[in-house]
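In what follows, chains are A, B, ... by sequence order, proteins preceding strands, each numbered from 1.
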Amino acid sequence: MGLLDKFKRKKIEGIDDSTYLTLREERRISRENTKTIKEYERIRNRKNVSEEEYLTQMRDPANVVEFDNLHTYFFTDVGTVKAVNGVSFDIPQGKIVGVVGESGCGKSVTSLSLMQLVQAPTGQITQGSIRYQDEDGKCYDVTKMPRDKMLRIRGKDIAMIFQEPMTSLNPVFKVGEQMDEVILLHEEDSTDDSARERSIEMLNLVGIADVKKVYNSYPHELSGGMRQRVMIAMALLCNPRLIIADEPTTALDVTIQAQILELLRDVKEKINGSIMFITHDLGVIAEMADYVVVMYAGRIIEQGTVREIFHEPKHPYTIGLMRSKPGGHVEGDRLYSIRGQVPNPINMPNHCYFYNRCDKAMDICKRHYPAMTQFNSDHRAACFLYSDEILPEEKEDKEDGEGR
Amino acid sequence: MAIEKMDLTTTNDDILVVNNLKKYYPLSKFTIKKDPVSVRAVDDISFTIKRGTTMGLVGESGCGKTTVGRTILRLHEVTDGQVIFDGKDLAKVPRRKLRKMRPQMQMIFQDPYSSLSPRLPVGEIIGEAVKEHNIVPKSKYRSYILKVMRDCGLQPQYYYRYPHEFSGGQRQRISIARAVALNPKFIICDEPLSALDVSIQSQIINLMKDLQEQHGYTYLFISHDLSVVEYISDTIGVMYLGSMMEMGDKKKVFANPMHPYSKALLSAVPVSDPDVKMNRIVLKGDIPSPINPPSGCKFRTRCPYAMPICAEKAPVFKEYEENHKVACHLYSQD
Amino acid sequence: MAIDTEKGKKPDYTDMEDHIETDLEQNFRVISPGRMVTKRFFKSKLSIVGLAMIIFVFLFSFVGPFIINHTWGYKETQVFKIERNADMVSTAEFKGPDGRTYDYYDRSKTLVIFKAPPSRDHWLGTDTSGFDILTRLMYGGRISLIISFIVIILETFLGIILGGLAGYFGKWVDQVIMRIVDIFACLPGLPILLILSATINSIESIPAEHRIYYLMAFLTLMGWTGVARIVRGQILMLREQEYMMAAETTGIRPLNKIFRHLVPNTMPQLIVSATLGLGGVILYESTLSYLSLGVPFPRAAWGSMIALADPSRGQEILAYYPNMWVPAGLLIVIAVLGFSFIGDGLRDAFDPRMKR
Ligand SMILES: Nc1ncnc2c1ncn2[C@@H]1O[C@H](COP(=O)(O)OP(=O)(O)OP(=O)(O)O)[C@@H](O)[C@H]1O
Ligand SMILES: Nc1ncnc2c1ncn2[C@@H]1O[C@H](COP(=O)(O)OP(=O)(O)O)[C@@H](O)[C@H]1O
Ligand code: SF4
Ligand code: SF4
Ligand SMILES: [Mg+2]
Ligand SMILES: [Mg+2]
């Protein structure tokens with residue numbers, strides 16, 4: 001049967017349908033998914049998890065969050081989507097960590113995993129841990145934490161700003177009411193008045209001129225930039241230790257984007273928190289981030305400080321991304337472009353995911369997935385071009401490859 | 001309001017001449033009042049595009065870029081003004097004739113997801129109008145479509161597939177193929193890149209450049225991404241709230257932006273270099289509503305240089321150096 | 001090739017080991033839209049139940065008659081005279097000469113040839129005219145289903161055309177058509193149908209067997225407005241899609257635009273509304289037949305079979321012969337519910353966002 005399918009797909013004037021799963025495959029996937037999901041849900045829904053189970057130790061106490069070999073999979077109808085597939089990085093206290101990558105690379109899922117907001121039951125964290133350190137220095141493993149405990153952290157210690165603020169503001173309540181509610185929910189000794197005071201203070205902080213009016217308006221009455229400001233004000237209400245900003249300026253115009261970026265930087269200084277800044281725009285990252293994580297198809301392919309990434313990018317994908325931006329090209333030159341497109345992380349092979357788009361691809365690249373090569377304490381990339389440790393049987397290949 | 005009609009001389013060099021184009025959308029459809037409230041989406045815009053060149057149109061969202069494109073193609077009726085395409089005044093062409101003329105001017109849309117009919121296979125989407133207008137003889141039809149698909153970087157086996165099976169970049173290629181298959185002279189690209197990934201954007205830019213070189217297309221390239229416009233266009237127009245603020249040769253505008261808005265816009269573009277600290281002009285406030293634009297200069301509510309005169313009189317759109325026009329009082333004072 | 005294709009070892013949907021080197025983009029395959037719909041449809045228990053009900057009704061009505069004909073040779077209007085001695089009870093109340101009220105009660109045996117009770121030859125017995133009830137139920141179902149399908153097809157056809165014109169051309173076309181729709185929609189359906197049917201019945205020049213066509217025409221006239229509204233609304237929404245703008249820029253003829261781009265995209269909604277409508281038509285038809293304004297005697301119809309139990313013609317059948325009317329009632333319930341279940345299932349399957 002597999003043979004028949006291959007036949008169909010390669011046909012040039014083929015009838016469509018070749019890209020579709022057959023009924024048998026579909027059933028098989030469905031059966032496997034049900035089994036796997038049941039297992040994970042059983043573990044998730046346990047009652048009375050003792051605190052020891054999710055208390056851990058940070059690797060470095062200067063970090064707020066540490067992702068350690070995180071795997072988040074979606075068990076969908078077309079196969080297992082390995083949206084996040086072994087991601088490890090740290091968010092240090094008081095720094096901005098930028099996560100870049102094209103759409104579908106797993107940026108959002110990484111942040112949702114941290115918030116325990118991955119869409120269950122299809123989405124499951126299957127491996128790894130996310131360590132979070134709260135103000136008292138206690139350290140939790142978010143992946144093992146029960147949901148009710150998580151509620152106390154989410155929205156209070158870790159706040160989130162989304163691309164389209166309209167989807168996260170409730171259209172039938174006034175902005176002010178929604179802000180007050182957040183405070184009343186998270187801070188036990190707050191009253192209506194104190195909540196209101198704090199909301200207005202925050203709206204002031206994010207540079208809204210006519211605070212009273214905005215406090216009393218409905219979300220749809222505000223412009224996109226204004227809504228994003230409100231979202232930021234809302235995120236700041238409970239003095240978060242970490243703000244996750246998922247493409248906060250993608251839907252905005254450049255002039256408004258400039259305003260919002262400036263605001264975010266200001267705000268970070270004021271509250272002395274950290275920001276996990278997700279975007280696909282290299283320019284924005286260069287401006288905002290201290291550390292950069294470049295993701296591709298669910299994995300980190302390069303990470304380092306912002307200068308390292310922009311001045312000495314190592315991974316061919318990072319280099320390609322920088323070169324394909326139209327700014328600063330030589331007149332009359334063709335724009336550099338990476339061929340092909342980002343794969344959907346289903347049925348990924350066990351070789352370099354960038355292999356079929358890479359200009360520097362070598363033989364070894366299609367046999368193994370490259371390990372991270374460390375350039376210095378911060379900067380590392382996953383690419384065989386820099387790999388010293390050569391597997392014995394691959395030695396010749398590597399030399400061949402470099403000879404090109 | 002009295003409008004000075006511009007000179008109607010058209011040289012054969014210009015494929016498109018737009019004169020004092022206006023498009024007002026009435027807010028409610030059933031008013032009998034003589035002067036109903038309306039959205040002034042495009043308010044008195046004039047420009048020309050030379051054959052085989054690319055004009056870039058930039059501006060923030062809602063400033064009327066799309067509306068300019070659509071009224072030029074007469075997808076919406078113009079409120080006032082003229083669009084002269086290839087020597088013909090489009091507003092005077094009867095509907096039936098217009099349909100016959102359509103293949104000459106094509107459009108590529110912003111959203112690759114809603115711009116392809118979900119229930120037609122790719123071959124059909126590209127070829128439908130080719131059949132309808134008899135662009136090629138029936139016997140050559142299929143091979144023609146396959147050739148166009150190949151030119152646009154689509155594999156021939158996609159012929160029978162449906163749009164939902166493709167990613168954004170490939171859908172945009174299909175959209176381009178649909179336009180190109182009709183052998184147009186002039187293509188309006190309405191933010192064709194804004195929904196695409198960075199690496200795909202550069203592929204599409206290259207594709208569009210290649211096609212232009214091969215076939216000599218003229219583009220009106222609408223975008224809010226200044227770096228893309230800088231790369232692809234020969235002339236550039238900067239729009240704000242339905243009016244043209246600055247227009248001219250690309251190099252001149254980028255090297256020496258004169259209008260305060262263009263300056264702010266250019267400085268707001270993030271640069272991919274952490275060590276370059278931009279001398280950024282951060283504009284205050286939001287874009288006003290086009291229903292009730294500010295009096296005088298429309299930009300005055302956000303302009304760092306606003307003067308009293310700016311509220312009283314609208315600045316004239318004037319040429320201050322060759323091929324470089326600006327509408328701002330800063331320069332009109334002697 | 002590094003990895004040989006061992007059968008059974010790797011899941012057979014990852015058939016890409018040797019393929020991926022050229023095409024990482026196509027390393028997975030999607031489920032075809034048709035199957036996606038099917039899959040979602042069958043996920044809901046209710047739609048499966050509905051489907052089973054409808055399949056049962058169909059088999060019963062269309063295959064049933066052949067089987068009956070084959071095994072027993074019964075026809076729709078074949079009269080069976082089955083003699084039996086039945087108890088006949090008569091009661092009455094009268095006032096005696098003494099001014100008191102007396103109950104009269106008499107029980108005797110008489111010979112009846114109709115209204116036979118269920119037996120091995122006639123599973124559900126025979127009715128007041130001596131027809132075999134089971135056979136009649138099958139023929140009745142056949143006519144109900146045929147009528148409802150024809151009516152729904154006509155309705156949809158009319159609705160697509162008028163709704164499509166209104167939605168596409170807008171302006172005064174839309175105004176005119178939608179006002180007509182409004183008028184039709186605010187007419188009280190049942191009373192009008194009753195009046196019309198009664199009128200047709202009283203016109204003698206119309207032969208009885210043609211009445212059914214008029215009936216279908218009326219039902220269509222009453223029902224098309226819903227479809228027209230759906231199509232118009234859908235088209236107004238689709239018209240704003242960029243692909244319609246694209247069709248305009250490529251200069252495609254208006255008719256092609258309507259029938260190649262717009263109408264196919266309204267199909268899911270139409271299929272749902274048609275399925276949901278089927279049950280409604282069956283109910284209308286049964287009601288009319290119950291009032292003997294629908295399918296004319298001696299043709300069988302579920303409605304007229306229930307009408308036998310009409311209490312105004314005596315309590316006897318209602319009380320003592322449930323075999324004559326209960327099955328017809330049950331079948332109506334099954335058919336109507338079945339179509340609703342399927343319609344709901346289809347709606348959720350086509351548009352999963354509609355759920356909840
Ligand atoms: N059909 C319409 N009816 C009423 N108003 C409209 C219509 N189309 C556009 N407008 C208004 O006209 C103005 C210009 O819109 P337009 O779509 O041309 O902007 P744009 O520059 O293309 O923006 P974007 O970058 O978001 O695409 C906006 O204020 C918009 O709300
Ligand atoms: N709820 C979901 N169900 C199934 N797949 C999902 C879901 N959310 C995300 N994915 C998949 O996970 C991958 C990563 O997605 P995401 O993190 O949203 O990408 P991005 O980098 O653009 O933020 C994508 O392939 C996406 O299709
Ligand atoms: S490992 Fe090989 S294929 Fe992958 S990025 Fe490096 S050189 Fe390219
Ligand atoms: S005319 Fe006045 S307000 Fe307008 S841009 Fe020039 S200086 Fe600014
Ligand atoms: Mg995302
Ligand atoms: Mg637009």
Taking every non-hydrogen pair under 4.5 Å, which of B/Ile108, B/Leu116, B/Leu182 racks up the most with chain C? B/Leu116

Can a salt bridge be assigned to the pair C/Arg253 and C/Glu248 using a cut-off of 4.0 Å between side-chain N and carboxylate O? no

Which region of B/Arg96, side chain (C-beta onward) or backbone (N, CA, C, O), has a non-hydrogen atom less than 4.5 Å from a non-hydrogen atom of chain C, or is it both or neither? neither

B/Gln110 and B/Asp190: side chain donor to acceptor below 3.5 Å: no

Chain C shares the most heavy-atom pairs under 4.5 Å, among B/Glu128, B/Gln106, B/Met101, with B/Glu128

Going by atom types only, do C/Gln269 and C/Arg347 share a side-chain donor-acceptor pair under 3.5 Å? no

Based on non-hydrogen pairs under 4.5 Å, which of B/Arg102, B/Arg70, B/Lys100 is most in contact with chain C? B/Arg102

Decide if the gap between the ring center of C/Phe350 and the ring center of C/Phe41 is smaller than 6.0 angstrom. no

Do you know which of C/Gln241, C/Glu242, C/His261, C/Arg260 has the most heavy-atom pairs with chain B at a distance under 4.5 angstrom? C/Glu242

Go through the atoms of B/Met105 and report whether side chain, backbone, both or neither lie under 4.5 Å from a heavy atom of chain C. backbone

Residues B/Lys131 and B/Glu124 bridged, charged N to O under 4.0 Å: yes

